[in-house]
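A, B, ... follow the sequence lines: proteins, then strands. Residue 1 opens every chain. Excluded from the calculations below are hydrogen atoms, water molecules and symmetry mates; all remaining heavy atoms, backbone and side chain alike, are included.
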2 protein chains.
Amino acid sequence: MPNAFDNHDHSHCATTGLAQAETILAARNQRLTPVRRETLRILLSEHRALGAYDVLERLADAGFGKQPPVAYRALEFLVDQGFAHKITRLNAFAACMHPDTDHAPVFLICRICHALAETAATPVRTALNATAHAVGFTVERSSIEAVGRCPNCKDAA
Amino acid sequence: MPNAFDNHDHSHCATTGLAQAETILAARNQRLTPVRRETLRILLSEHRALGAYDVLERLADAGFGKQPPVAYRALEFLVDQGFAHKITRLNAFAACMHPDTDHAPVFLICRICHALAETAATPVRTALNATAHAVGFTVERSSIEAVGRCPNCKDAA
DNA sequence: TAGAATACGTTATGATATAACATGTCAACA
DNA sequence: TGTTGACATGTTATATCATAACGTATTCTA
């Protein structure tokens with residue numbers, strides 16, 4: 001599976017992502033309405049996080065409503081259904097790169113080019129659960145977000 | 001070392017925290033001015049995260065300025081110097097419980113009572129670095145925040 | 001003590017997010 | 001097949017979080 005830092009056929013990401021969403025949502029009897037579909041397409045079109053107001057602007061350009069709740073509601077739906085994530089450090093949203101598998105992902109955010117990768121969380125999550133367990137805490141949800149330099153920007157300041 | 005979920009002599013947290021800050025800042029030639037001191041005292045007075053406007057209100061009550069930059073600047077200073085952390089998931093700030101040691105902490109946020117604990121990060125950070133390294137990413141800073149139930153609230157909904 | 005650096009206070013504005021309510025769409029079924 | 005109820009979309013208005021820009025005061029240091 002490619003990640004955001006590889007060169008890859010990016011058009012593939014969007015078509016695959018939309019197709020996956022269609023299938024999964026149909027199975028759940030949930031509707032991928034036009035606004036929701038366009039919102040997901042917008043997020044899939046970049047391997048970076050977009051602010052709700054960026055998404056809103058693009059939705060408005062595509063003929064949908066111009067007011068914040070339009071974007072926030074579509075984003076909330078996609079997050080609830082596992083097709084997008086909120087990156088709390090950035091107050092921004094990104095398409096999920098593997099809605100079919102394991103969740104509680106780790107996000108790697110490039111400080112230079114703003115690329116965003118979503119990586120395998122298992123070992124990190126295991127460590128987090130152990131740490132929490134040691135003080136009697138039960139983890140329900142977690143955000144693990146790292147800022148740094150991606151391989152393409154590793155020599156930059 | 002007690003954590004937020006233990007019963008402990010809480011007045012101790014504030015006095016120790018302030019004393020530590022005095023000592024460490026003096027050694028760095030940094031000034032713990034009255035606003036900064038009061039801000040730290042406010043954060044230390046609770047084992048939970050406070051929003052900047054909550055802090056601001058208490059600062060105003062204590063006779064300091066009433067405008068947002070007053071709180072944000074003091075908080076920024078404390079974060080820079082390692083005496084407070086921003087909890088991005090909550091858009092809120094909390095006193096650091098061990099400004100003297102290892103950083104890049106893990107935060108455990110109780111969904112029920114809003115208590116906040118800052119725990120040993122080493123194993124989680126190790127796992128995160130390994131995960132990042134596998135895709136060629138260099139971690140510079142990270143936030144690891146878990147929401148769930150603390151031992152005192154584990155039987156609640 | 002003059003000048004530079006730092007800190008504090010204010011006004012104003014920007015950025016992110018949601019409450020509340022009206023209108024529109026669609027599927028189930030009486 | 002028309003009504004109903006659930007869900008979705010759109011709007012207005014407002015809440016919440018954060019910073020830019022500028023003037024004044026304090027502190028440090030030469």
*Show your reasoning for whether salt bridge (charged side-chain N to carboxylate O under 4.0 Å, His left out) applies to A:E38 and A:R41.*
CA-CA 5 Å; A:E38 179 63 14; A:R41 203 194 56 70; 2.8 Å; yes
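- To the nearest angstrom, C1' of D:dA21 lies 17 Å from OH of B:Y72.
- Taking atom NZ of A:K86 as the reference point, atom C1' of C:dT16 lies 8 Å away to the nearest angstrom.
- The distance from atom CG of B:N29 to atom P of C:dA7 is 12 Å, rounded to the nearest whole Å.
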*Run the ring pair (Phe, Tyr, Trp, His ring centres under 6.0 Å) check on B:F107 and B:H85 step by step: do they pass?*
CA-CA 10 Å; B:F107 293 104; B:H85 295 288; 5.2 Å; yes
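- If you check every strand for non-hydrogen atoms under 4.0 Å, A:R73 touches a base.
- Summarising the geometry, the separation between CG on A:L75 and C1' on C:dT18 is reported as 14 Å, rounded to the nearest angstrom.
- Tracing side-chain contacts under 4.5 Å through hydrophobic residues (I, L, V, M, F, W, Y), one never reaches B:L50 starting from B:L116; they form parts of separate clusters.
- The phosphate of D:dA18 (OP1 or OP2) has a side-chain N or O of B:N91 nearer than 4.0 angstrom.
- For B:H10 and B:H8, the gap between ring centers is short of 6.0 Å.
- Between B:Y53 and B:Y72, the two ring planes are perpendicular [angle over 60°; tilted spans 30° to 60°].
- If you measure from atom CZ of B:R28 to atom C1' of C:dT6, you get 18 Å, rounded to the nearest angstrom.
- One finds a side-chain N or O of A:R36 lying less than 4.0 angstrom from the OP1 or OP2 phosphate oxygen of D:dA8.
- Atoms CG (A:L90) and C1' (D:dA18) sit 15 Å apart, rounded to a whole Å.
- Look at CG on A:D80: it is 11 Å from P on D:dA8, rounded to the nearest Å.
- A continuous path of hydrophobic side-chain contacts links A:F93 to A:V55 [ILVMFWY only; heavy atoms under 4.5 Å].
- Around CG of A:D80, the count of heavy atoms belonging to other residues, nucleotides or ligands within 6.0 Å exceeds 12.
- Taking every side-chain heavy atom of A:R31 into account, C:dC26 is the closest of C:dA17, C:dC26, C:dA7.
- Of the residues in residues 53-71 of chain A, those with a non-hydrogen atom less than 4.0 angstrom from any atom of DNA chain C are A:Y53, A:P68, A:P69.
- The distance between atom CZ of B:R89 and atom C1' of C:dT16, rounded to the nearest whole Å, is 17 Å.
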